[in-house]
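Below, chains carry the letters A, B, ... as their sequence lines are ordered, and counting in each starts from 1.
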Amino acid sequence: MKVTFKYFAQVRQATGADSEQLVLDDGADMAAALSAAADRHGEAFKKLVLDEFGVVRPSMLVLVNGVPAPRGGQRRLADGDEVTLLSAVSGG
Amino acid sequence: MAKLTPEERAVYEWQIWVPGFGEAGQEKLKGASALVSRCGGLGGPLAQSLAAAGVGRLVIAHDGDLKPSDLNRQILQTADWVGKPRIDSIVRRLRELNPRVEVEGVAENVSEENSERLVGKADIVFDCAPLFAERFAMNRECIRQGKPLVEAAMFSLEGQVTTIIPGKTPCLACLYPETPPEWKREFPVIGAVSALAAQIAAMEGIKLLAGIGKPLAGELLYYDTASMTFQKIPIARRPDCPVCGKSA
Ligand SMILES: [Zn+2]
């Protein structure tokens with residue numbers, strides 16, 4: 001199945017892309033989707049998005065079709081879903 | 001209620017014409033106080049709009065001396081002020097813009113030590129700080145004192161704004177419980193992008209103080225000026241939030 005990833009803030013910096021489409025196994029969950037994205041984008045992305053146990057960091061906001069997904073990564077994805085990765089930013 | 005003088009009625013005429021705002025809205029702004037914490041690329045244009053709108057008392061917390069690299073976005077500064085305290089030009093320029101408004105400059109950034117005192121000075125708080133420690137300290141104190149907190153932030157070509165109403169909406173710790181790893185205090189941004197977040201935040205505050213419109217309560221407004229996409233994301237309280245949750 002195809003899932004669209006949209007990247008914002010530091011995640012965009014780490015991937016160098018605004019968005020992309022990844023092909024995942026049918027019925028893959030968020031943990032599998034993020035691990036696929038991490039494999040593709042390497043250390044900077046991985047460090048930013050996932051903790052040492054591969055769980056989404058609390059400083060990240062992960063949305064599926066515009067709605068926040070639970071942090072555990074168990075959210076099942078479907079063909080055509082849009083996953084948005086947003087990170088905490090600040091002022092200055 | 002703070003009554004308007006004839007001069008104030010003339011100065012604020014265009015906004016008094018705004019349906020629903022009127023003279024009553026202006027009086028509410030006149031009687032209100034706001035804390036703007038850090039007054040740089042975000043807090044600068046924000047404080048400028050609050051002063052122009054006639055919020056009666058502004059408390060501005062900002063430490064440090066002006067650097068050349070501040071000038072792309074810190075529009076309350078002047079080119080001749082490099083090396084001198086930022087707070088001096090902030091206070092001077094706000095007073096020049098609107099002498100009817102009381103401006104108190106505090107040459108401090110918000111911390112665990114001073115947050116109670118600084119938040120205690122205002123009816124509403126605007127978080128424009130670069131460091132997450134400052135942001136979390138302000139969030140905790142606003143929840144404790146039951147004061148609304150407008151959260152504004154930017155990065156590169158993007159911005160995020162939400163309004164925290166203690167007891168009703170998620171707080172900053174519900175939304176982002178932790179500082180991002182390897183967060184750098186200096187980051188890419190264009191001044192117009194931070195000014196845009198500032199104006200959205202200023203309107204959130206003006207709406208809350210005047211009692212008009214609908215704030216970004218339980219919603220994060222996210223924008224990307226690269227594609228000019230604006231999006232509202234629903235956000236929820238975390239029952240286990242250490243700051244605003246049941247066990248807090
Ligand atoms: Zn909370």
Treating [X] as the side-chain partner and [Y] as the backbone partner, does any N or O pair qualify as donor plus acceptor under 3.5 Å?
X	Y	value
B/Asn114	B/Glu116	no
B/Ser194	B/Gly191	yes
B/His62	B/Cys39	yes
B/Glu151	B/Ala201	no
A/Gln21	A/Phe5	no

Is [X] in contact with chain A via its backbone, its side chain, both, or neither, using a 4.5 Å heavy-atom distance?
X	result
B/Gln231	side chain
B/Arg38	neither
B/Leu172	neither
B/Arg73	side chain
B/Glu178	both
B/Ala236	neither
B/Ser156	neither

- Picking from A/Ser87, A/Pro68, A/Gly92, A/Gly66, which has the most non-hydrogen pairs under 4.5 angstrom with chain B?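 Answer, by heavy-atom pair count under 4.5 Å with chain B: A/Gly92.
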Fill in: B/Asp63 side chain near B/Glu108 side chain, heavy-atom distance below 4.5 Å
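Sidechains of B/Glu108 and B/Asp63: no contact.
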So what's closer than 4.5 Å to chain B heavy atoms on A/Gln10: side chain, backbone, both or neither?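 Answer is both: backbone and side chain atoms of A/Gln10 are under 4.5 Å from chain B.
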Q) Which answer fits A/Leu61, side chain, backbone, both or neither, if we ask what part of it has an atom under 4.5 Å from a heavy atom of chain B? A)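 Both the backbone and the side chain of A/Leu61 come within 4.5 Å of chain B.
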- Taking atom CG of B/Leu71 as the centre, does the number of heavy atoms from other residues, nucleotides or ligands within less than 6.0 Å exceed 12?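 Yes, enclosed.
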With a 4.5 Å cut-off on heavy-atom pairs, point out which of B/Ala197, B/Ala226, B/Ala153, B/Pro130 contacts chain A the most.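 Ranked by contacts with chain A, first place is B/Pro130.
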Checking salt bridge (Lys or Arg N to Asp or Glu O under 4.0 Å) against A/Glu20, which of A/Arg12, A/Lys2, A/Arg40 comes through?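 Going through the options one by one, the only one that passes is A/Arg40.
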